[in-house]
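Comments concern the structure below.
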Amino acid sequence: MIRTGVATDATSLAELAARTFRETFAADTRPEDMALHIAQTYGPSQQERELLDPDITTLLADVDGQLAGFAQLRSGETPSCVNDDAPLELWRFYVAQPWQGRGIAQELMRRIEEEASTRGARTLWLGVWENNERAKAFYRKNGFEDVGSHVYMVGTDAQTDRIFVRSLNEIRHP
Ligand SMILES: CC(C)(COP(=O)(O)OP(=O)(O)OC[C@H]1O[C@@H](n2cnc3c(N)ncnc32)[C@H](O)[C@@H]1OP(=O)(O)O)[C@@H](O)C(=O)NCCC(=O)NCCS
């Protein structure tokens, strides 16, 4: 089931987030940059702050009490290449490896659309690493389009993220 995360999920969310980030990017990231990024970004206190932050919505895919994935919406600054109405950032979207290709990502995306609409958004935007082919394919089949790029720091490594955008007015389901 997909449910909204609460503060007591902080430790399991931190563990899942660090693990899925490593699984996805370890092969393409220097170990020191990976260690720095994980230390700066993931840990029970960081995730607890996020879970309590009213500008952030965290959705968890919970399979019999085990977290299989998570997604977060965040209000804040929007890159200049996103010119659409009422934009909201799909900040993080991760499914643990054993659960990829099994429909959880689609369920999470449906709930993200509902949450974003409830928050008054009419556009979703996100940054995806330029070489993350699986994620780009997933977002494209969910109606996102590439509109530009921005720099994303992983430790000391300045990487290029593509910026993907989709309208929430005409929802296209694969
Ligand atoms: C991105 C993610 C959420 C997608 O979830 P998923 O369950 O893998 O998604 P799906 O299997 O429904 O769709 C992935 C698509 O990529 C395709 N694909 C798989 N491997 C691929 C590859 N190496 N290159 C290109 N496309 C690939 C699949 O065929 C599928 O498309 P199809 O349904 O048209 O066949 C999930 O893979 C994930 O969490 N990855 C690791 C974390 C991550 O990269 N998050 C995004 C950060 S921006």
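Residue numbers start at 1 and run along the sequence shown. Order of listing sets the numbers, starting from 1, for every ligand and every atom in it.
- Here's the thing with Tyr94: none of its N/O atoms is less than 3.5 angstrom from an N/O atom of ligand 1.
- The CZ atom of Phe70 sits 13.0 Å away from the CD1 atom of Ile2 when rounded to the nearest 0.5 Å.
- Heavy atoms of Tyr139 approach ligand 1 to within less than 4.0 angstrom.
- Those atoms of ligand 1 that come under 4.0 Å of a heavy atom in Thr24, given as number and element, are 41 (C), 42 (C), 44 (O).
- For atom 35 (O) of ligand 1, the nearest protein heavy atom lies 4.0 Å away or farther.
- Taking CD of Glu145 as the reference point, atom CG of Asp84 lies at 9.5 Å (rounded to 0.5 Å).
- For the atom pair Tyr139 OH and Phe144 CZ, the distance stands at 7.0 Å (nearest 0.5 Å).
- Remark: ligand 1 atoms within the under-4.0 Å shell around heavy atoms of Lys141 are 10 (P), 12 (O), 13 (O), 32 (P), 33 (O).
- Contact check on Glu107 versus Arg110 returns no salt bridge, with no Lys/Arg side-chain nitrogen under 4.0 Å from an Asp/Glu carboxylate oxygen.
- Taking distance alone, with nitrogen or oxygen atoms compared against 3.5 Å, Ala105 stays at or beyond that limit from ligand 1.
- Nearest protein heavy-atom neighbour of atom 40 (N) of ligand 1: Gln100 NE2, 3.4 Å.
- Counting non-hydrogen atoms of neighbouring residues, nucleotides and ligands closer than 6.0 angstrom, the CD atom of Glu77 reaches no more than 12 such neighbours.
- In this structure, atom 23 (N) of ligand 1 has no protein heavy-atom contact shorter than 4.0 Å.
- Between Phe138 and Phe93, the ring centre distance stays below 6.0 Å.
- Distance CG/Leu168 to CG/Leu88: 8.5 Å, rounded to 0.5 Å.
- Checking atom 29 (O) of ligand 1 against the protein gives no heavy-atom contact under 4.0 Å.
- If you number the atoms of ligand 1 from 1 as listed, the ones under 4.0 Å from a heavy atom of Val95 come out as 38 (C), 39 (O).
- Backbone and side-chain nitrogen or oxygen atoms of Phe138 are examined, and none is located within less than 3.5 angstrom of a nitrogen or oxygen of ligand 1.
- For atom 17 (C) of ligand 1, the nearest non-hydrogen atom of the protein is Ala137 CB, 4.0 Å.
- Ile56 CD1 to Glu89 CD: the interatomic distance, rounded to the nearest 0.5 Å, is 9.5 Å.
- We find the CZ-CZ distance between Arg92 and Phe21 to be 9.0 Å, quoted to the nearest 0.5 Å.
- Every atom of ligand 1 with a heavy atom of Gly127 under 4.0 Å away is listed here by number and element: 48 (S).
- Considering backbone and side-chain N/O atoms, Arg134 comes within less than 3.5 Å of an N/O atom of ligand 1.
- For atom 46 (C) of ligand 1, a protein heavy-atom neighbour is present inside the 4.0 Å cut-off.
- Under a 4.0 Å heavy-atom criterion, Asn132 is in contact with ligand 1.
- Within ligand 1, counting atoms from 1 as listed, the ones closer than 4.0 Å to a heavy atom of Ala135 are 1 (C), 44 (O), 46 (C).
- By the neighbour-count criterion of 12 heavy atoms within 6.0 Å, atom CD of Gln66 is sparsely surrounded, having that number or fewer from other residues, nucleotides or ligands.
- For atom 2 (C) of ligand 1, the nearest protein heavy atom lies 4.0 Å or farther away.
- Between Glu115 and Arg119 no salt bridge is recorded (no basic side-chain N to carboxylate O distance below 4.0 Å).
- In the hydrophobic cluster analysis, where Ile, Leu, Val, Met, Phe, Trp and Tyr join through side-chain heavy atoms closer than 4.5 angstrom, Leu36 is grouped apart from Trp129.
- Taking every non-hydrogen atom of Gly101 and a distance limit under 4.0 Å, the qualifying atoms of ligand 1 come out as 6 (P), 7 (O), 8 (O), 11 (O).
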